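Working notes, structure below.
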Amino acid sequence: MWVGFPSHAELWEEDLAPAQEEAAAFVRGLAGPGGESVKLMVRGQAAKAEAASRLEGVAGVDIIEAEFGDVWLRDTGPIFTGPGEATAFAFNGWGGKYVLPGDEAVADTIGRGGWLKRFSFVLEGGALDHDGEGTVLTTRQCLLNPNRNLGWRQEDAEEALGEALGVRKVLWLDQGLMNDHTDGHVDNLARFVAPGVVACPLSLGEDDPNAAVYDAAARALSTMTDAAGRRIEVARIPSPGRIMSREHRVEPASHMNFVIANQAVITPIYDLRAGAWATQALEAQFPGRLILALNSRALLTGGGSFHCITQQEPA
């Protein structure tokens with residue numbers, strides 16, 4: 001598992017140290033009960049020393065100093081389709097909103113340069129979720145946004161995904177979470193927990209800002225079938241509810257930003273009560289894996305969480 005470590009003081013400001021500790025706790029979970037070997041990308045000697053200090057004595061972690069704009073490797077890195085098979089796409093800073101020097105180098109670092117397949121269309125890894133059998137989830141808000149690929153229609157996107165990733169069927173949802181700067185990445189909204197089974201949030205509290213979005217996604221999914229012809233089963237997972245920033249802005253907090261590791265599922269939480277309910281619901285969906293619930297409030301200030309800072313590489 002590749003993981004980005006918060007390294008840029010100018011981006012994270014007062015949240016740098018808390019975000020580093022959350023990332024380190026996440027890596028400890030991956031390398032321990034998660035059963036993963038971890039390649040932790042850091043930028044600069046200060047971040048490398050900080051990571052080494054926080055992860056001292058943790059086996060299975062390789063700290064790699066490299067250039068990157070920020071930690072969101074899910075979007076800037078390649079997508080692996082098999083052992084030694086990495087596919088890279090154009091990246092334009094989430095529609096030109098956050099263009100950071102170094103992000104253009106991430107795909108080469110993770111893909112080792114020489115054996116990358118490259119495609120010229122814009123795609124972020126968090127815009128898709130895969131069932132491993134040819135079906136992907138996405139949102140129209142993101143994948144058809146003209147700030148990515150101007151003029152794309154659904155059939156254009158489906159053809160491109162089929163050529164690049166072997167996708168046989170795309171399940172289209174409409175909108176993502178409120179104030180999500182990624183323009184509605186699906187990894188904050190709906191995730192496969194097994195072929196034919198998709199987890200989707202259930203609103204928590206009368207003031208949950210995404211209640212209508214969650215219900216619309218669940219209704220749409222319940223009418224769909226996957227590439228194998230199975231009717232989609234929808235598993236509702238309690239949402240974090242209304243999570244506010246220091247600036248009194250609704251944050252795009254989501255328990256859907258979990259990471260499926262070899263032996264565990266690690267989910268971000270933002271409130272202990274809501275996190276406990278989400279953990280219980282996820283345990284029912286992953287009976288063979290330990291569910292680890294870890295705080296992600298500081299990482300959220302950067303716009304994402306655990307799934308966003310990772311990219312899995314098959315052995």
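Here, residue 1 is the first one in the sequence, and each next residue gets the next number. Bear in mind the structure is a predicted one, so any value in this text is a computation, not a measurement.
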Exercise for the section: Could you work out the complete set of other residues in the hydrophobic cluster of W172, with links drawn between I, L, V, M, F, W and Y side chains under 4.5 Å apart? Expected result: I79, F89, F119, F121, L123, L128, V136, L143, L144, W152, L161, L165, V167, V170
Exercise for the section: Taking all non-hydrogen atoms of both residues into account, name the closest pair between F68 and S7 and its distance. Expected result: CZ-OG, 3.6 Å
Practice task
Report yes if the side chains of V265 and L290 come closer than 4.5 Å at any heavy-atom pair, otherwise no.
Solution key: no
Exercise for the section: Only pairs at least two apart or in different chains count here, so list each side-chain hydrogen bond (donor to acceptor under 3.5 Å, both in side chains) that has a residue in residues 282-296. Expected result: E22-N295, S296-S305
Problem - V38 and W2, any side-chain heavy atoms less than 4.5 Å apart - result: no
Exercise for the section: Keeping the roles fixed (side chain from H185, backbone from T138), state whether a donor-acceptor pair exists under 3.5 Å. Expected result: no
Handout entry: Pairing of D15 and R246 as salt bridge, 4.0 angstrom limit
Key = yes
Problem - Flag, side chain of T135 to backbone of A227, donor-acceptor distance under 3.5 Å - result: yes
Practice task
Nearest 0.5 Å please: distance from the CD atom of Q263 over to the CG atom of L292.
Solution key: 11.0 Å
Show me, pair by pair, the donor-acceptor contacts under 3.5 angstrom made by side chains of residues 212-224, not counting sequence neighbours?
from	atom 1	to	atom 2	distance (Å)
D215	OD1	R236	NH2	3.0
S222	OG	R219	O	2.7
T223	OG1	A220	O	2.7

Problem - 4.5 Å side-chain heavy-atom contact, C308 and D75 - result: no
Exercise for the section: Output the distance between atom CD (Q175) and atom CG (N210), rounded to the nearest 0.5 Å. Expected result: 10.5 Å
Handout entry: Inter-residue atom distance I237.CD1 - Q280.CD, 0.5 Å rounding
Key = 10.5 Å
Practice task
Determine, for E124 against R148, whether the closest basic-nitrogen to carboxylate-oxygen distance falls under 4.0 angstrom.
Solution key: yes
Completion exercise
Excluding V250, membership of its hydrophobic cluster (Ile, Leu, Val, Met, Phe, Trp, Tyr; side-chain heavy atoms within less than 4.5 Å) reads M178, M244
Exercise for the section: Could you walk me through whether W12 and T301 pass side-chain contact (heavy atoms from CB on, under 4.5 Å), step by step? Expected result: CA-CA 8 Å; W12 290 90; T301 67; 3.9 Å; yes
Problem - Heavy-atom pair of closest approach, residues G184 and C142 - result: O-CB, 4.1 Å
Handout entry: Atom CD of E247 with >12 non-hydrogen neighbours under 6.0 angstrom
Key = yes
Problem - Exercise: do S239 and D208 side chains pair donor with acceptor under 3.5 Å - result: yes
Exercise for the section: Would you indicate whether the side-chain heavy atoms of N179 and E251 approach each other to under 4.5 Å? Expected result: no
Practice task
Treating Ile, Leu, Val, Met, Phe, Trp and Tyr as nodes and any side-chain heavy-atom pair under 4.5 angstrom as an edge, say whether Y270 and W277 lie in one connected cluster.
Solution key: no
Exercise for the section: Say whether, by atom type as modelled, one donor and one acceptor occur between the side chain of K117 and the main chain of A88 under 3.5 angstrom. Expected result: no
Practice task
Kindly compute the distance separating CZ (F258) from CD1 (I266), expressed to the nearest 0.5 Å.
Solution key: 12.0 Å
Practice task
Identify whether the distance between the nearest side-chain nitrogen and carboxylate oxygen of E155 and R153 falls below 4.0 Å.
Solution key: yes
Practice task
Please assess L171 against I232 for the test side-chain contact (heavy atoms from CB on, under 4.5 Å), listing each intermediate value before the final yes or no.
Solution key: CA-CA 10 Å; L171 306 185; I232 296 298; 3.9 Å; yes
Practice task
Could you tell me which non-hydrogen atom of L204 sits nearest to which non-hydrogen atom of A274, and how far apart they are?
Solution key: CD2-CB, 3.4 Å
Handout entry: W94-L300 co-clustered via ILVMFWY side chain contacts under 4.5 Å
Key = no
Exercise for the section: Determine whether the side chains of R230 and T225 contain a donor N or O and an acceptor N or O closer than 3.5 Å. Expected result: no
Handout entry: Shared hydrophobic cluster, M41 / L100 (ILVMFWY, side-chain heavy atoms < 4.5 Å)
Key = yes
Problem - Distance (rounded to the nearest 0.5 Å) between I63 CD1 and L40 CG - result: 5.5 Å
Handout entry: Beyond-backbone contact of E163 with E158, side-chain heavy atoms, under 4.5 angstrom
Key = no
Practice task
Give a yes or no answer on whether the side chain of N92 reaches the backbone of N147 with a donor-acceptor pair at less than 3.5 Å.
Solution key: yes
Practice task
Please answer: with hydrophobic residues joined when any side-chain heavy atoms are less than 4.5 Å apart, are L299 and M256 in the same cluster?
Solution key: no
Handout entry: N/O donor-acceptor pair under 3.5 Å between R242 side chain and D207 backbone
Key = yes
Completion exercise
D62 meets the side chain to side chain contact (heavy atoms under 4.5 Å, CB included) criterion, sequence neighbours left out, with K39, I64
Practice task
State whether E21 and R28 are salt-bridged, where the test is any N-O pair (Lys NZ or Arg NE/NH1/NH2 against Asp/Glu carboxylate O) under 4.0 Å.
Solution key: yes
Please tabulate, for side-chain N and O atoms in residues 194-203, each donor-acceptor pair with protein atoms closer than 3.5 Å (sequence neighbours left out).
none

Fill in the blank from the handout: For G34 and A261, the nearest pair of non-hydrogen atoms, with its separation, is O-CB, 3.6 Å
Handout entry: Salt-bridge present (D271, R297; N to O < 4.0 Å)
Key = no
Exercise for the section: Sequence neighbours left out, what pairs pass ring pair (Phe, Tyr, Trp, His ring centres under 6.0 Å) with at least one residue falling in residues 287-315? Expected result: F26-F306
Exercise for the section: Start with the C-alpha distance between V259 and M1, add both sets of side-chain angles, then the distance that settles side-chain contact (heavy atoms from CB on, under 4.5 Å), and finish with yes or no. Expected result: CA-CA 10 Å; V259 170; M1 191 76 72; 3.6 Å; yes
Handout entry: Residue list, salt bridge (charged side-chain N to carboxylate O under 4.0 Å, His left out) with E10, at least two apart or on another chain
Key = none
Exercise for the section: Among Ile, Leu, Val, Met, Phe, Trp and Tyr joined by side-chain contacts under 4.5 Å, find the other residues sharing a cluster with I269 and list them by chain and number. Expected result: L272
Exercise for the section: Indicate the atoms forming the closest heavy-atom contact of P6 with L16, along with that distance. Expected result: O-CD1, 3.7 Å
Exercise for the section: Please lay out, stage by stage, how D103 and W72 fare under the test side chain to side chain donor-acceptor pair (under 3.5 Å). Expected result: CA-CA 9 Å; D103 276 341; W72 315 114; over 6 Å; no
Which side-chain N or O atoms in residues 45-53 pair as donor and acceptor under 3.5 Å with protein atoms at least two apart or in another chain?
from	atom 1	to	atom 2	distance (Å)
Q45	NE2	E65	OE1	2.7
E50	OE2	R54	NE	3.0
E50	OE2	R54	NH2	3.3

Handout entry: Check against salt bridge (Lys or Arg N to Asp or Glu O under 4.0 Å), R112 and E313
Key = CA-CA 12 Å; R112 281 81 156 188; E313 178 181 353; 3.0 Å; yes
Practice task
Would you sort out whether V3 and L73 count as a side-chain contact (heavy atoms from CB on, under 4.5 Å), showing the intermediate values?
Solution key: CA-CA 7 Å; V3 181; L73 307 187; 5.5 Å; no
Exercise for the section: Can you measure from CG (D183) to CG (L177) and round to the nearest 0.5 angstrom? Expected result: 12.5 Å
Problem - Residues in ring-ring contact (aromatic ring centres under 6.0 Å, His included) contact with F80, at least two apart in sequence or another chain - result: none
Handout entry: Inter- and intrachain pairs under salt bridge (Lys or Arg N to Asp or Glu O under 4.0 Å), touching residues 186-202, at least two apart
Key = D129-R191
Fill in the blank from the handout: Shortest non-hydrogen pair, D131 vs F192, comes out as N-CD1, 3.6 Å
